[in-house]
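Let me begin by presenting the structure, written as structure tokens, before commenting on it.
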Amino acid sequence: MAANAVRTTAGPMFIVGDGTRTRGHDAQRWNIAAGKAVAEAVRTTLGPRGMDKLLVDSSGNVVITNDGVTLLEEMDVDHPAAKMLVDVARTQEDEVGDGTTTAAVFAGQLLARAEDLLEQDVHPTAIVEGYAAARDLALDAVDDVTTDGDVDDDRLRDVARSSMTGKGTGDVSADALADIVVSAVRRVTDDDGVHRDDVHVRTQVGASSGATSLVDGVVVSEEPLGHDAAVRVEDADVLVFDAKLEGRETEVDVAYDVTDVAQLDAAMDAQEAELRRLADAVADTGADVVFCTKAVDDRVAAALADRGVVVYEKVDGDDADAVRTATGARLSRDAFDVDADDLGRADEVRVERFGEDAATFVERADAPAVTVFARGGTEHVVAELERALGDAVDVVAAAAEGGVVPGAGYAELAAAAAVRDGAAGVHGRAQLAAEAFADALDVLPRTLAANAGMDPVDAMADLHAAVESGPAGVLLADDRGVLGDPVEAGVFDPAAVKREAVEAATEAATMIVRIDDVVAAE
Ligand code: ADP
Ligand code: MG
């Protein structure tokens, strides 16, 4: 029997067996249990003092992570309701790039409370109605605590730092990384907003994470043909070519009916001449560096090298696009029809070697694309750093566009208070569900407190009192949890992250509560 299981380091956690059909309350209970189990698995990773999880997948690969969505994706989740929770984290990651643990824990809490309500014979439709009303109240509350006006660089650095605290970022300081991330996002911001996709994150093992830097331009993993030594071209004209640089026919005996040696020589000569013309055409464009997405004939490469042109072949499509954006080159397909306008410009194209690997830096002072070049001592460190940086870029972009809210649990506390106030206006038994929604929101600051080693009951009592007079949350002092003002401490999250968490978690929980028939099929 292939049991459906959530596998964590604690061993398999069986949720539901195959070949069963469950209906009505039983189905709801199974689903809720499955969803809760998934949420529970990530609860201890929430916040700056969250624990890392070590996961081993079925092929034996080890992942160490503090990232909610990575954790959920790596877990072997195989139950429809549990999968929905994983989808909440994935949606959260795709939409805003952070808050995955928050969303999953919150969804799990909504399910746990729905279970209690079902026990009290509250009908699923009343739960759905109450949760929807509460969600709207919570979203309004998030808007209310969102800072007005433009978000300045200091505040963006706060957001970057908050998103990275507690994540494995090696020995580099969160301040240094926050600086890099904010500079990167500012570089790709114009009147149209933030061009998030023009911030690239590249990793390279072999140095400490303190060597992480911001590159004006792009870094591609390719290396040029025929160059073993260092390559460095200054003030480079760059051609990005999207067709083969080869003769029309590479097989001599296909093109010519070869009957004697003289004819063969003539055929070869004709082909040599053609390749020579092709190489000359490419060189005559004025390009110093050619990034070709297709194959380049050795003889063309050699002829270009003779004329001092650096050539790359079979360049990955994404890399070619990145080079185009960074240099302003247009894609060319015909070597005999390239204008000066089609060429891009780079201050420098440089190949650097890192042990076995090589990378090409295409830099320009005002390049519209930038790259965070992340370093780390091991694959684990760079992988975690890459995730943390990617998320930080996402949240800084979201904060620059949609504003920020005080973090450390304050946004959730404020939302819970607003929902509790507004619940009085919700009719019938749905009111119970709205109140339950507020309690579920409270679990986020409570979990932050618990993960920071505080007594969660005392902390919540103090927090409820403190938020009456202003922002309050769970902060860290000397690595221990203390209550304080997140605004003073500079702990902020993008408003979009909190909005998305509320929306995604409510949607998933209400969907799961509505299901009352489960057929487990092969
Ligand atoms: P998520 O996947 O939900 O982003 P995290 O583990 O990143 O989970 O924790 C996010 C929570 O931790 C947010 O509520 C955020 O405000 C809070 N947080 C981040 N940094 C700090 C900090 N330095 N002090 C207190 N809270 C913080
Ligand atoms: Mg986070």
Side-chain angles (χ1 to χ4, degrees), residues 39 41-53 65-73 88-93 95-109 142 145 157-169 173-175 177-178 384 387-396 398-399 404-416 441-454 459 463 471-502 504-505:
V42 295
R43 207 173 45 83
T44 54
T45 73
L46 183 74
R49 284 295 304 276
M51 309 286 279
D52 280 355
K53 294 256 162 163
T65 185
N66 176 281
D67 189 39
V69 73
T70 307
L71 191 56
L72 290 171
E73 286 195 335
V88 169
R90 202 175 286 137
T91 309
Q92 182 79 22
E93 177 75 15
E95 296 293 322
V96 283
D98 195 25
T100 52
T101 313
T102 299
V105 169
F106 183 46
Q109 283 301 317
V142 170
V145 298
R157 278 190 280 270
D158 289 340
V159 171
R161 225 178 287 117
S162 299
S163 91
M164 288 184 290
T165 33
K167 302 246 165 99
T169 49
S173 80
D175 287 337
L177 290 181
E384 190 76 345
R387 276 191 289 270
L389 284 166
D391 286 354
V393 173
D394 286 337
V395 298
V396 168
V404 299
V405 295
Y410 174 64
E412 291 87 343
L413 284 166
L441 279 168
D442 269 346
V443 169
L444 295 160
R446 177 187 315 215
T447 303
L448 287 173
N451 288 353
M454 303 177 80
L463 281 174
V474 180
L475 302 173
L476 289 181
D478 297 329
D479 227 24
R480 296 188 35 221
V482 291
L483 303 185
D485 182 348
V487 175
E488 266 169 34
V491 178
F492 290 91
D493 295 305
V497 167
K498 298 301 178 193
R499 298 184 63 87
E500 183 62 35
V502 166

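The structure displayed is predicted, hence computed values, not measured ones. Counting convention: from 1, in listed order, for ligands and their atoms alike.
Shortest distance from the Mg ion (ligand 2) to D98 is reached at OD1 (N/O/S atoms only).
Within the 4.0 Å heavy-atom criterion, the part of K498 lying near ligand 1 is the side chain and not the backbone. Counting heavy atoms closer than 4.0 Å to ligand 1, residue T45 contributes backbone atoms (N, CA, C, O) but none from C-beta onward. The backbone and the side chain of T101 each have at least one atom closer than 4.0 Å to an atom of ligand 1 (non-hydrogen atoms only). At a heavy-atom cutoff of 4.0 Å, ligand 1 is contacted by both the backbone and the side chain of T100.
The CD atom of Q92 sits 7.5 Å away from atom CG of D98, with the distance rounded to the nearest 0.5 Å.
Inter-residue side-chain proximity for V474 and L483 is flagged as met; some heavy-atom pair is nearer than 4.5 Å. Taking 4.5 Å as the limit, every side-chain heavy atom of L463 sits out of range of all side-chain heavy atoms of Y410. In this structure the side chain of V497 never reaches within 4.5 angstrom of the side chain of D394, judged on heavy atoms.
Between L476 and ligand 1, a contact under 3.5 Å exists for no N or O pair. When only interatomic distances are considered, the shortest N/O to N/O separation between T102 and ligand 1 falls below 3.5 Å. Every N/O-N/O distance between G407 and ligand 1 stays at or above 3.5 Å.
The ligand atoms of ligand 1 that sit less than 4.0 angstrom from a heavy atom of V474 are 25 (C), 26 (N). Less than 4.0 angstrom separates some heavy atom of P48 from each of these atoms of ligand 1: 12 (O), 18 (N), 21 (C), 22 (C), 24 (N), 25 (C), 26 (N), 27 (C). Numbered from 1 in the order shown, with element, the atoms of ligand 1 that lie under 4.0 Å from a heavy atom of D493 read 13 (C), 14 (O), 15 (C), 16 (O). Against a heavy-atom cut-off of under 4.0 Å, D98 is close to the following atoms of ligand 1: 4 (O). Atoms of ligand 1 lying under 4.0 Å from any heavy atom of L46, numbered from 1 in the order shown and given with element: 3 (O), 6 (O), 8 (O), 9 (O).
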Item to check | Residues V443, F106; criterion side-chain contact (heavy atoms from CB on, under 4.5 Å); working and verdict | outcome: CA-CA 8 Å; V443 169; F106 183 46; over 6 Å; no
Item to check | Pair E93-R90, salt bridge (Lys or Arg N to Asp or Glu O under 4.0 Å): steps then yes or no | outcome: CA-CA 5 Å; E93 177 75 15; R90 202 175 286 137; over 6 Å; no
Checklist entry - Yes or no on side-chain contact (heavy atoms from CB on, under 4.5 Å) for E500 and T91, after CA distance, side-chain angles and deciding distance? => result CA-CA 9 Å; E500 183 62 35; T91 309; 3.7 Å; yes
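Of all the listed residues (G99, P486, G97), G99 holds the heavy atom that lies closest to atom 1 (P) of ligand 1. Between the choices L444, V159, L448, the shortest heavy-atom distance to atom 11 (C) of ligand 1 belongs to L448.
Residues satisfying the side-chain hydrogen bond (donor to acceptor under 3.5 Å, both in side chains) criterion with R446, sequence neighbours excluded, are absent altogether. Among residues two or more places apart in sequence or in another chain, the side-chain hydrogen bond (donor to acceptor under 3.5 Å, both in side chains) test is passed with Q109 by R113.
Note on ligand 1: E93 sits outside its first shell, no heavy atom being nearer than 4.0 Å.
The one candidate from V159, D493, V96 that meets the side chain to side chain contact (heavy atoms under 4.5 Å, CB included) condition with V395 is V159.
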